[in-house]
Amino acid sequence: MSLLHAERQLLPATETVLGEGMRIRRALPTRLRRMVGPWTFMDHFGPADVAHGDGMRVAPHPHIGLQTVTWLHRGEILHRDSLGSLQTIRPGQLNLMTSGRGISHSEESPLQRSPELHGLQFWIALPDESRAVEAAFDHYPSLPVIERDDLRISVLVGEMLGEVSPARLYSPALGLDMEATQGIATSLPLRPDFEYAALVSEGEAEFDGETLAPGSLLYLGGGRESLAIRTSGAARLTLIGGEPFETPVLMWWNFVARTQDELSTAVREWNAGQGDYGEVHGYDGARLKAPTPPWDKAD
Ligand code: MN
């Protein structure tokens, strides 16, 4: 049975704080929509002045059931994880971390850095059969780029116009970054079996005639063969999509699972230093403590 919805939804992002004080916009999940395909989380951070102060500081924390996708418009982030990875990411590059059944990581602005940080982090839920895969971290120093009607398209994950991202995925999905340096008008072929959503990080754009600016996610639904995109000036756009995720996911804090029991176990094990989360070395600060889920609170 198809879970595709043809209707569009303009979904306001939630303003929240990431790590130690960086204000961000969370476009997924929102009250009105939890997922777009396997995409279950979408943070837009910055543009933030990181020339003064500590910049981004997100202390060691765990994940299960997902892949994290990090993509920068400007600036740098230093990633450390429990596999021993130590990797600075810069614009044009992709960090893809696969939690499998457990990993932990930290993210921080490196000491030597550009004055501004601006970017996106997404989570992709792992399908049932891949939730227990080995944890992995992949850094892709460059990605396929398509020039189409003056729109510069980077294929972060999936395939567009014959260009395939090397990023390893466990379910069919698409993630595109699109940069216009002037007004553009183009259209992209879409897969009718995917549902899609668009985000604007800078400037303004029209998707099939619907105007979108930073601060909202435009859910585009499924059953589409193409998408018309238009800007009147410079803009930075993201398109995500994928097959509607058939399994309902439950999320608590940094965990993606299927049942409250799994989430409770993850919280308990992380806080007790147990489980498959390993240890992050080199971060200057204590690891984060998982908050108790409401269903485990005594009343
Ligand atoms: Mn994380």
Side-chain angles (χ1 to χ4, degrees), residues 14 16-29 35 38-46 48 54-72 75-89 93-110 117-126 131 133-140 156-157 167-170 175 240 249-257 262-263 266-267 269-271 273 275-291 293:
T14 314
T16 184
V17 172
L18 180 71
E20 297 174 20
M22 178 160 292
R23 295 203 63 80
I24 57 137
R25 302 181 185 94
R26 183 154 297 158
L28 273 181
M35 299 181 84
W39 302 88
T40 189
F41 187 92
M42 197 170 185
D43 272 356
H44 172 208
F45 47 87
D54 291 334
M56 175 182 273
R57 277 180 60 78
V58 182
H61 61 277
H63 288 290
I64 55 169
L66 57 80
Q67 295 181 287
T68 65
V69 177
T70 308
W71 174 260
L72 298 180
E76 307 83 16
I77 296 175
L78 176 62
H79 162 97
R80 306 172 193 268
D81 66 41
S82 52
L83 304 173
S85 315
L86 180 66
Q87 180 69 55
T88 301
I89 181 175
Q93 307 178 337
L94 186 78
N95 276 2
L96 180 70
M97 187 178 78
T98 305
S99 76
R101 61 185 176 274
I103 197 167
S104 56
H105 74 142
S106 63
E107 292 154 298
E108 65 200 276
S109 295
L117 180 63
H118 189 197
L120 297 155
Q121 189 174 83
F122 315 95
W123 297 354
I124 300 175
L126 288 169
R131 287 202 294 149
V133 296
E134 287 294 307
F137 176 76
D138 297 293
H139 174 76
Y140 300 98
L156 311 185
V157 303
R168 102 169 85 174
L169 280 191
Y170 293 88
I240 58 169
V249 305
L250 286 183
M251 291 170 62
W252 176 253
W253 195 48
N254 293 299
F255 303 120
V256 174
E262 279 180 75
L263 294 170
V267 166
E269 290 190 340
W270 167 255
N271 285 342
D276 295 310
Y277 302 111
E279 208 175 320
V280 179
H281 295 284
Y283 184 82
D284 182 19
R287 65 190 218 142
L288 299 178
K289 185 176 185 295

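For ligands, and for the atoms within them, numbers begin at 1 and follow the listed sequence.
Proximity of the aromatic rings of W270 and H61 is defined here by a centroid distance below 6.0 angstrom, and this criterion is not met.
Shown here for F45 and H118, the closest heavy-atom pair between the two residues is O-CD2, 3.3 Å.
Proximity of H281 to R80: side-chain heavy atoms (C-beta onward) are nowhere separated by under 4.5 Å.
Between the CG atom in L83 and the CD atom in E134 there is a gap of 9.0 Å [rounded to 0.5 Å].
The pair R25-D43 does not count as a salt bridge, with every side-chain nitrogen at least 4.0 angstrom from each carboxylate oxygen.
Tally of protein N, O or S atoms closer to the Mn ion (ligand 1) than 2.8 Å: 3.
Tested against F41, the residues W123, F122, W253 include a single ring pair (Phe, Tyr, Trp, His ring centres under 6.0 Å) partner, W123.
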